[in-house]
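Note sheet for the following structure.
Because only heavy atoms are used, hydrogens play no part in the values below, and waters and symmetry mates are left out as well, while side chains stay in. Lettering of chains follows the sequences in order, A, B, ..., and the numbering in each one begins at 1.
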Number of protein chains: 2
Amino acid sequence: MDHEQRTDGRTTDMRERIVDVATERFAAKGFAATSLQDIADRLGVTKAALYYHFRRKDDLIAEVLAPMVVDVEDWFRRVEERHPPPREALESYFEVVQRHGAVLAAIARDPAALEAGDTAVHVARWGQRVQTVLAGADATLEERVCTTVAIVGLARTVSLFPDAEVDELRRIAVDAALRALRV
Amino acid sequence: MDHEQRTDGRTTDMRERIVDVATERFAAKGFAATSLQDIADRLGVTKAALYYHFRRKDDLIAEVLAPMVVDVEDWFRRVEERHPPPREALESYFEVVQRHGAVLAAIARDPAALEAGDTAVHVARWGQRVQTVLAGADATLEERVCTTVAIVGLARTVSLFPDAEVDELRRIAVDAALRALRV
DNA sequence: GTCTATAGACCGATAGAC
DNA sequence: GTCTATCGGTCTATAGAC
C-alpha cells in the first residue's frame with residue numbers, strides 16, 4: 001500500500017494535502033507559474049518534503065490531472081459502448097468539460113503540462129478517438145473537420161461564458177455544435 | 001534610429017538574425033521550452049549578447065508575434081470597415097490563421113506568452129471584438145455562443161489538418177462554421 | 001517512513017570590462 | 001556590440017537526521 005490511511009474522515013495524509021493545495025494553486029496560476037516552493041510554503045514544509053511523495057513536479061501534475069483523465073476516459077467508454085444519439089453524446093461531453101473547468105483552464109494556460117507523467121499517453125489519443133466515436137472509423141475529411149469544429153467550439157464555450165446559466169448555455173452550445181456536425 | 005541598415009538586401013543585422021532564429025525555435029519547441037541560451041548558441045554568441053538587443057525575453061517574443069498581430073488587426077479593420085458577408089469574413093479569417101500557422105501553434109502550446117510586451121493589449125480585445133464584428137454590439141447570449149463555436153472551431157481546423165488540401169479544407173471548415181452561426 | 005539540509009544544473013536577468 | 005562574471009530563482013537529486 002502507499003501511505004497511512006486514517007480510519008476517521010480527516011485528511012492528515014500529507015500526499016493528499018499536497019494534491020489539494022497543488023490543485024488549487026495550479027487552477028489559480030497555471031502549472032508553470034506555480035513553484036513547488038509556493039506549495040511547500042503553504043503546507044508549512046520544505047520543498048524537499050514534496051520530493052518524498054512525488055519524484056518530479058510532473059508526477060504531481062499528473063496526479064492533479066488524474067480525476068479529469070478518468071472522467072474523460074469514462075465518457076469515451078460510455079459513448080463507445082452505448083452509441084447514444086449525437087445530442088446526448090455532446091451534452092454529456094459538455095458536462096464533463098464543465099465538471100473539470102478549473103483544471104481545464106489551467107491546461108488551457110499551458111498545455112505543455114499535458115505531457116506530465118503518463119497523462120500524455122491518454123490525451124494523445126483523444127483527438128483521434130473523438131473523431132471515431134462521433135463520425136465513425138472511416139469518416140471522410142469533411143466529417144472529421146465538422147466534428148472538430150463542433151467539439152473544439154463546444155468545449156471552449158464552457159470557459160468563455162462562466163457567468164451564463166448552465167442549462168441555457170449547454171442547450172445553445174450543443175445546438176450550435178450539432179449544426180456544425182450537420183445532423 | 002535603432003540599428004545599422006545595409007543598403008543591399010543582406011541581413012547581417014544581428015537583431016534580425018536573432019528574430020529569425022527565435023521564430024524558428026519558438027515554432028518548433030514553444031516559447032517557454034526555448035531558452036535564450038539555445039538561441040544564442042545557434043547564433044554563435046553568448047546569451048548576454050541577446051540582452052543588448054532585447055531587454056527581456058518577453059520583448060523578443062513580442063517581436064516574433066508582431067507580424068501576426070499586425071495581420072489580425074488588419075483583418076479586424078477590413079471587416080469593420082467593409083462589413084463583408086459572413087462567408088467572406090470567415091474565409092479571410094481562415095486565411096489569416098493559415099498564414100501564421102507556425103506562430104499560432106507556438107501560442108497554442110503556451111498561451112501565457114501572449115502576455116509578452118504590449119501584445120497582450122491587442123489580444124485581450126480580440127475575443128470581444130470578434131463577437132462585435134460577427135454578431136453585432138448588442139448580440140444575445142445565443143448569438144455570442146454560436147460565434148464562439150464558429151470562430152474557435154474554424155481556427156482549430158487549420159492546425160489539426162495540416163495535410164489537407166487548403167482550398168477544400170477552407171470550404172468545408174467555413175461551411176461548418178457558418179452552420180454554427182446559423183446564417 | 002517522513003522530512004530537513006544541502007548542493008548541482010539550468011533559467012532569465014544585470015553589471016561592468018573591453 | 002559583445003564579452004565574462006554573477007545574482008536570484010527554478011527543478012531536481014542525494015545524504016542523512018529523527
>> At a heavy-atom distance below 4.0 Å, what parts of residues 109-122 of chain B sit against DNA chain D?
In response: none

> Going 5' to 3' along nucleotides 4-17 of chain C, which nucleotides have protein heavy atoms under 4.0 Å from the base (write B), which only from the sugar-phosphate (write S), and which from neither (write -)?
Replying inline: BB-----SBBB---

>> If I take atom CG in residue A:Leu60 and atom P in nucleotide D:dT10, what distance separates them, rounded to the nearest angstrom?
In response: 16 Å

> Restricting to pairs with a member in residues 19-38 of chain B, which pass ring-ring contact (aromatic ring centres under 6.0 Å, His included), not counting sequence neighbours?
Replying inline: B:Phe26-B:Phe31

Quick test of your reading: applying salt bridge (Lys or Arg N to Asp or Glu O under 4.0 Å), list the pairs with at least one residue in [range], sequence neighbours left out, ordered by first then second residue.
range	answer
residues 82-91 of chain A	A:Arg82-A:Glu88, A:Arg87-A:Asp175
residues 150-169 of chain A	A:Asp167-A:Arg170
residues 105-127 of chain B	none

> At what angle, to 10 degrees, do the two end axes of the helix from C:dG1-D:dC18 to C:dC18-D:dG1 meet, given five pairs define each axis?
Replying inline: 10°

>> Would A:Arg171 and A:Phe94 count as a cation-pi pair here, with the cationic atom under 6.0 angstrom from the ring centre and within 45° of the axis?
In response: no

For [X], what residues pass the side chain to side chain donor-acceptor pair (under 3.5 Å) criterion, not counting sequence neighbours?
X	value
B:His100	B:Asp71
A:Gln98	none
A:Ser92	A:Trp75

> Which residues pass the side chain to side chain contact (heavy atoms under 4.5 Å, CB included) test with B:Val123, sequence neighbours left out?
Replying inline: B:Leu114, B:Thr119, B:Trp126

> Partners of B:Glu142 by side chain to side chain contact (heavy atoms under 4.5 Å, CB included), sequence neighbours excluded?
Replying inline: A:Ile172, B:Thr140, B:Cys146, B:Arg182

>> For C:dG1 and A:His53 - does any side-chain N or O of the residue sit under 4.0 Å from the phosphate oxygens OP1/OP2?
In response: no

